[in-house]
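Have a look at the structure below before the remarks.
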Amino acid sequence: MHKNGNDAEARVAEQVTPSGADQEFLALERELTVLLRRARANQGEMAREVHPDLESSAYGLLIRLDEHGGRRATELAGYFGVGKATMSRQLRALEELGLITREPDPADGRAWLVTLTEEGSRRVGTVREARRARYVSQLAHWDRREVAELARLLHQLNGVMEK
């Protein structure tokens, strides 16, 4: 590199790998890989806590219904990026477990809204509260502003990833 006396430019050049990748983005990719692997494992555990026969992938669906109330199957499929057939199969399994129900959509009598049953809501609430308590315990040494900042940054990242 040509030395021009600009320390900031030299630091930036040092942070780029021979392949041209920024160290920060390589670190981000590495940490997200670890986080996602652990999240998938945790999702499976939480799904089994809701119901022993619950598929791991269905846990997020229950969380979405818990947070946003009744939703159409097509809306849920779009949100999760899965096909209608996959969503129908997951909803049928959740219905058979007594965790969701389908009700006519008051805005369109031809459509159906998927909602949690009382039992589904109770089970999801219990698991979510236990998970929240684990986060509190695991991050007890963090300043609450750091936790809020992490949540804000993850929300921002999720927003970018949706597009």
Side-chain angles (χ1 to χ4, degrees), residues 22-108 111-163:
D22 295 333
Q23 289 291 343
E24 296 86 357
F25 289 97
L26 287 173
L28 174 64
E29 188 269 340
R30 179 180 56 249
E31 296 304 324
L32 282 175
T33 298
V34 171
L35 178 67
L36 292 171
R37 185 178 28 223
R38 288 182 179 153
R40 276 191 296 274
N42 285 336
Q43 185 171 333
E45 290 172 18
M46 290 182 286
R48 285 185 297 282
E49 288 176 28
V50 170
H51 193 285
D53 297 330
L54 185 62
E55 287 184 24
S56 175
S57 60
Y59 181 76
L61 179 55
L62 293 174
I63 296 303
R64 182 76 178 169
L65 292 172
D66 186 46
E67 291 181 347
H68 298 280
R71 293 286 177 252
R72 291 183 180 183
T74 53
E75 180 184 342
L76 292 167
Y79 178 79
F80 287 105
V82 299
K84 290 178 188 177
T86 299
M87 183 55 58
S88 291
R89 184 185 57 76
Q90 285 186 342
L91 292 175
R92 194 169 34 259
L94 291 171
E95 200 167 21
E96 288 171 4
L97 294 174
L99 301 173
I100 65 160
T101 187
R102 300 176 206 226
E103 304 168 349
D105 184 345
D108 181 354
W112 295 85
L113 291 180
V114 178
T115 60
L116 290 177
T117 61
E118 282 187 34
E119 179 67 9
S121 183
R122 184 190 64 74
R123 287 177 180 234
V124 169
T126 299
V127 172
R128 291 191 85 186
E129 180 56 30
R131 187 67 192 145
R132 188 201 59 78
R134 277 184 250 159
Y135 287 141
V136 168
S137 174
Q138 291 169 336
L139 301 177
H141 62 286
W142 284 34
D143 183 286
R144 284 190 175 259
R145 290 176 299 223
E146 291 174 317
V147 175
E149 180 66 1
L150 177 59
R152 185 190 70 75
L153 289 170
L154 288 172
H155 178 77
Q156 187 175 341
L157 179 63
N158 285 328
V160 169
M161 298 296 184
E162 266 185 31
K163 297 174 184 173

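Nothing here was measured: the structure is a model prediction, and the numbers come from that model. Only this structure's heavy atoms are used, side chains among them; waters, hydrogens and symmetry mates stay out. All residue numbers in this chain count up from 1 along the given sequence.
- Using a 4.5 Å heavy-atom cutoff, the side chains of Leu32 and Glu29 are not in contact.
- Side-chain atoms of Ser121 never come within 3.5 Å of backbone atoms of Leu116 as a donor-acceptor pair (strictly under, hydrogens ignored).
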### Task
Evaluate the side chain to side chain contact (heavy atoms under 4.5 Å, CB included) criterion for residues Leu153 and Gln156: first the C-alpha distance (whole Å), next the side-chain angles of each, then the deciding distance (0.1 Å), finally the verdict.
CA-CA 5 Å; Leu153 289 170; Gln156 187 175 341; 4.1 Å; yes
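- Within the cation-pi definition used here (under 6.0 Å to the ring centroid, within 45° of the axis), Arg64 qualifies as a partner of Tyr79.
- Not a single donor-acceptor pair under 3.5 Å links the side chain of Ser137 to the backbone N or O of Ala133.
- For the atom pair CG of Leu35 and CZ of Arg40, the computed distance is 9.5 Å after rounding to the nearest 0.5 Å.
- In this structure, CZ in Arg122 is found 10.5 Å from CD in Glu118, a value given to the nearest 0.5 Å.
- For CD of Glu103, the number of neighbouring non-hydrogen atoms (other residues, nucleotides, ligands) closer than 6.0 Å is greater than 12.
- When all heavy atoms of Val114 and Ala73 are compared, the pair lying nearest together is CG2-N, 4.5 Å.
- Under the salt bridge (charged side-chain N to carboxylate O under 4.0 Å, His left out) criterion, Arg72 pairs with Asp105, Asp108, not counting sequence neighbours.
- The shortest side-chain heavy-atom distance between Leu99 and Leu54 falls under the 4.5 Å cut-off.
- With salt bridges taken as basic N to acidic carboxylate O contacts below 4.0 Å, none links Arg145 and Glu149.
- By the salt bridge (charged side-chain N to carboxylate O under 4.0 Å, His left out) test, Arg102 is found to be paired with Glu95, residues two or more places apart in sequence or in another chain being considered.
- Note that CH2 of Trp112 is 8.5 Å distant from OG1 of Thr101, once rounded to the nearest 0.5 Å.
- At least one side-chain heavy atom of Leu62 sits under 4.5 Å from a side-chain heavy atom of Ile100.
- Annotation: side chain of Arg89 is in contact with side chain of Thr86 (closest heavy-atom distance under 4.5 Å).
- Here Arg71 pairs with Glu75 under the salt bridge (charged side-chain N to carboxylate O under 4.0 Å, His left out) rule; sequence neighbours left out.
- The side-chain contact (heavy atoms from CB on, under 4.5 Å) search around Ile63 returns Tyr59, Glu67, Val124, Arg128, not counting sequence neighbours.
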#### Entry: Arg123 and Glu119: CA distance, side-chain angles, deciding distance, salt bridge (charged side-chain N to carboxylate O under 4.0 Å, His left out) verdict
CA-CA 6 Å; Arg123 287 177 180 234; Glu119 179 67 9; 2.6 Å; yes
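- Residues Asn42 and Arg131 are in side-chain contact: their nearest non-hydrogen atoms beyond the backbone lie under 4.5 Å apart.
- Interatomic distance, CG of Asp53 versus CG of Leu94, reported as 11.5 Å (0.5 Å rounding).
- Around the CZ atom of Arg144, the shell of radius 6.0 Å holds no more than 12 heavy atoms that belong to other residues, nucleotides or ligands.
- Residues meeting the salt bridge (charged side-chain N to carboxylate O under 4.0 Å, His left out) test with Glu129, sequence neighbours left out: Arg132.
- Of the possible donor and acceptor atoms, one in the side chain of Gln43 sits under 3.5 Å from a partner among the backbone N and O of Ser56.
- For Arg38, the side-chain contact (heavy atoms from CB on, under 4.5 Å) partners two or more places apart in sequence, or in a different chain, are Val34.
- The side-chain heavy atoms of Trp142 and Leu150, taken from C-beta on, include a pair separated by under 4.5 Å.
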